[in-house]
Asker: 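Quick one: this structure, given as structure tokens, is what I'll be asking you about.
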There are 2 protein chains.
Amino acid sequence: MTRGARKARSRTGRRSGDSGSKAAILAAARLQFAEYGYDGTTIRGIAAAACVDPALVHHFYGTKERLFAAATELPIVPSEAINAALASREPGRSLGTHLVASALALWERADMRGAFQAMLRSALTSEQAAATLADFIAEAILGPVASAAAGADADNASYRASLVATQMLGLAVGRYVLRFGPVAQASQEELAVAIGPVIDRYLTGDLSRAGSGH
Amino acid sequence: MTRGARKARSRTGRRSGDSGSKAAILAAARLQFAEYGYDGTTIRGIAAAACVDPALVHHFYGTKERLFAAATELPIVPSEAINAALASREPGRSLGTHLVASALALWERADMRGAFQAMLRSALTSEQAAATLADFIAEAILGPVASAAAGADADNASYRASLVATQMLGLAVGRYVLRFGPVAQASQEELAVAIGPVIDRYLTGDLSRAGSGH
DNA sequence: TGGTGAATTCTACGCATGTTGAATTAATCC
DNA sequence: GGATTAATTCAACATGCGTAGAATTCACCA
């Protein structure tokens with residue numbers, strides 16, 4: 001007890017002031033889920049990145065699955081974002097082009113980036129993540145489809161929607177996960193004009209014939 | 001020692017006849033890598049599926065990484081397959097349509113299916129798998145691009161190639177991994193005519209304007 | 001017929017993981 | 001200022017993993 005001048009630091013116990021540990025844990029979790037996927041991410045790794053004991057992660061978020069759910073919770077409601085995007089279209093810009101531009105802008109918003117990419121990268125390993133992604137896609141894409149179909153070809157609506165989904169998904173995976181050189185470096189606007197017409201074709205074009213959707 | 005009548009079955013040691021264990025292990029590995037990805041797949045799980053001891057897996061294939069390499073080794077050389085596909089195009093069919101049809105046919109060949117899907121699903125978790133996929137994509141897509149560009153717009157060749165890659169990748173992920181309803185159930189031909197013109201646009205179209213690539 | 005080598009399983013090591021419970025310290029409320 | 005509650009760490013658990021080595025059984029060849 002009396003040995004030594006004084007205990008240099010108190011190792012255990014509560015810290016003074018607002019430590020921000022809970023937020024730091026969530027931020028670290030987002031980063032790691034985005035980088036390594038669900039399985040590749042460890043609670044110990046998150047704790048280390050947040051400069052915190054692994055048990056504290058558990059104290060705040062319970063199980064790993066719950067932490068994942070918290071980390072991938074999007075700060076927006078997809079359908080609302082889509083409606084906002086649809087409403088802001090300038091004349092002279094095709095629906096597809098506008099949708100691609102809006103999606104890219106949304107995905108790269110500071111408060112979306114981590115959660116979205118974590119969900120993307122985890123979707124191919126974790127069942128839960130895959131289900132979340134599927135919901136997101138369905139919710140985010142059926143809106144524009146309905147808005148574009150406008151009665152015509154309503155039978156094929158879900159087919160059209162899933163075609164749109166393949167292109168958007170491939171764009172997201174190529175740009176954020178596998179990081180193909182050119183597609184990862186292109187500007188949002190470049191990609192929007194390159195890919196937009198493709199989305200237009202899927203939304204309203206004649207899918208049994210070559211050519212554009214205009 | 002002398003207790004009991006006789007050992008009922010010899011548990012250890014070599015079996016009579018050709019057991020086919022090595023092939024069974026490889027087949028089980030392909031299935032599981034395709035279903036669960038690299039990290040989600042365990043050697044013990046593979047061994048169980050092949051009705052074999054985990055140590056036997058090790059005996060035949062050494063490390064897990066080497067087993068993965070063996071399981072995802074494609075039975076074809078991508079560039080050769082592409083060249084063969086290019087050569088077999090019928091007149092009246094666009095290059096993009098033919099490429100999509102050929103890719104789907106190739107991916108679903110019995111001897112490709114397991115390996116390809118294993119690679120696909122693992123690419124987002126394992127660095128090695130991602131590198132293999134990137135190589136595959138580069139090799140498989142740069143050929144058609146070069147063949148289509150034909151001097152014009154050679155600067156943008158890699159940009160065009162990566163756009164093609166996003167659509168093909170999205171198609172593969174949507175159809176085989178996430179299994180979006182309509183896109184998973186559509187026939188190869190349906191998808192080829194729906195998506196082919198998109199590939200044509202990326203290969204030879206004017207990427208800064210709306211409209212088709214013809 | 002004996003011996004070499006391959007196939008197969010058993011046992012076990014060492015490690016990393018998710019998770020838990022107790023102990024300790026600070027903040028907060030009466 | 002004492003009691004309560006929240007934050008934090010420590011130590012440990014049970015489990016599952018990849019891997020290694022030894023032992024056992026069979027096939028094949030001289």
Side-chain angles (χ1 to χ4, degrees), chain A residues 1 6-29 32-33 35-71 122 125-129, chain B residues 1 4 6-29 32-33 36-71 122 125-129:
Chain A
M1 280 298 188
R6 198 177 186 288
K7 199 191 289 180
R9 302 271 302 128
S10 62
R11 303 228 139 273
T12 175
R14 186 171 187 163
R15 303 289 175 269
S16 306
D18 184 12
S19 67
S21 293
K22 191 168 180 180
I25 289 171
L26 192 65
Q32 304 222 355
F33 281 130
E35 186 75 6
Y36 308 120
Y38 183 84
D39 293 316
T41 298
T42 75
I43 289 198
R44 286 169 152 89
I46 292 170
C51 299
V52 137
D53 190 274
L56 192 61
V57 178
H58 226 254
H59 174 63
F60 282 130
Y61 294 98
T63 142
K64 180 182 183 181
E65 219 169 273
R66 298 243 305 275
L67 173 59
F68 179 75
S122 301
T125 327
S126 151
E127 283 302 325
Q128 180 197 344
Chain B
M1 281 299 188
R6 197 176 187 288
K7 200 190 288 179
R9 302 269 304 128
S10 64
R11 303 229 140 272
T12 175
R14 188 170 187 162
R15 301 291 174 268
S16 307
D18 183 13
S19 67
S21 293
K22 191 169 179 181
I25 290 171
L26 192 64
Q32 303 222 355
F33 281 128
Y36 307 119
Y38 184 84
D39 293 317
T41 297
T42 74
I43 287 197
R44 287 168 152 88
I46 292 170
C51 299
V52 135
D53 188 274
L56 193 62
V57 178
H58 226 252
H59 174 65
F60 282 131
Y61 293 98
T63 142
K64 181 182 184 182
E65 220 169 89
R66 296 244 303 274
L67 173 59
F68 179 75
S122 301
T125 327
S126 150
E127 284 300 326
Q128 182 198 342

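Chain A is the first sequence line, chain B the second, and so forth, proteins listed ahead of strands; every chain is numbered from 1. As a basis for the values below, the full set of heavy atoms in this structure was taken, side chains included, without hydrogen atoms, waters or symmetry mates.
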Asker: Hey, what's the ring geometry for A:F68 with A:Y38, parallel, tilted or perpendicular (30° and 60° as the breaks)?
Answerer: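 Judged by the thresholds at 30° and 60°, the geometry between A:F68 and A:Y38 is perpendicular.
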Asker: When the C1' atoms of the five terminal pairs at each end define the local axes, what inter-axis angle does the helix from C:dT1-D:dA30 to C:dC30-D:dG1 show, to 10 degrees?
Answerer: 0°
Asker: Kindly write out the residues that satisfy side chain to side chain contact (heavy atoms under 4.5 Å, CB included) with A:Y36, not counting sequence neighbours, or none if the list is empty.
Answerer: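 A:Y36 satisfies side chain to side chain contact (heavy atoms under 4.5 Å, CB included) with A:Q32, A:T41 once adjacent residues are dropped.
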Asker: To the nearest 0.5 Å, what is the distance between OH on B:Y61 and CG on B:L26?
Answerer: 4.0 Å
Asker: Rounded off to whole Å, could you give me the CG-to-C1' distance for the B:L56 and D:dT19 pair?
Answerer: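 Whole-Å distance recorded here is 14 Å.
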Asker: Which sits closer to the 5' end of DNA chain C, B:G20 or A:A55, going by the nucleotide each is nearest to?
Answerer: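 Going by which nucleotide is closer to the 5' end, it is B:G20.
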Asker: Is there a donor and acceptor pair closer than 3.5 Å between the side chain of B:T12 and the base of C:dT8?
Answerer: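 A donor-acceptor contact between them is present.
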Asker: I need the CD1-C1' distance between B:I25 and C:dT8, as an integer number of Å.
Answerer: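 Nearest whole value for this atom pair: 10 Å.
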Asker: Produce the list of close N/O pairs, under 3.5 Å, pairing protein atoms with atoms of nucleotides 27-30 of chain C; give distances to one decimal.
Answerer:
residue : atom : partner : partner atom : Å
C:dA27  : OP1  : A:G17   : N            : 2.8

Asker: How far does CZ of A:F33 sit from CD1 of A:I46, to the nearest 0.5 angstrom?
Answerer: 4.5 Å
Asker: Mind calculating the distance between CZ (B:F60) and P (D:dA20) to the nearest angstrom?
Answerer: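 Value for this atom pair: 17 Å.
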Asker: In B/S/- notation, 5' to 3', how is nucleotides 12-18 of chain C contacted by protein heavy atoms closer than 4.0 Å?
Answerer: B----BB
Asker: Are any of B:S21's side-chain N or O atoms less than 4.0 Å away from OP1 or OP2 of C:dA7?
Answerer: no
Asker: List the residues meeting side chain to side chain contact (heavy atoms under 4.5 Å, CB included) with B:A55, not counting sequence neighbours, and say none if there are none.
Answerer: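 So B:A55 forms a side chain to side chain contact (heavy atoms under 4.5 Å, CB included) with B:D53.
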Asker: Please find the pair of heavy atoms, one from A:A28 and one from A:A49, that lie closest to each other, and give the distance.
Answerer: CB-CB, 4.0 Å
Asker: Please find the pair of heavy atoms, one from A:A29 and one from A:A71, that lie closest to each other, and give the distance.
Answerer: CB-CB, 4.3 Å
Asker: Applying side chain to side chain contact (heavy atoms under 4.5 Å, CB included), name anything that partners A:T63, two or more places apart in sequence or on another chain.
Answerer: A:E65, A:R66
Asker: Heavy atoms, side chains only, cut-off 4.5 Å: are B:I25 and B:K22 in contact?
Answerer: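 Sidechains of B:K22 and B:I25: no contact.
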Asker: Whole angstroms only, please: what is the NE2-P distance between A:H59 and C:dA23?
Answerer: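 So the NE2-P distance, A:H59 to C:dA23, works out to 17 Å.
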Asker: To the nearest angstrom, how far is A:D53 atom CG from C:dT19 atom P?
Answerer: 15 Å
Asker: Rounding to a whole Å, what distance do you find between A:Y61:OH and C:dT20:P?
Answerer: 17 Å
Asker: Can you tell me how far P of D:dG18 sits from CZ of B:R66, to the nearest Å?
Answerer: 16 Å
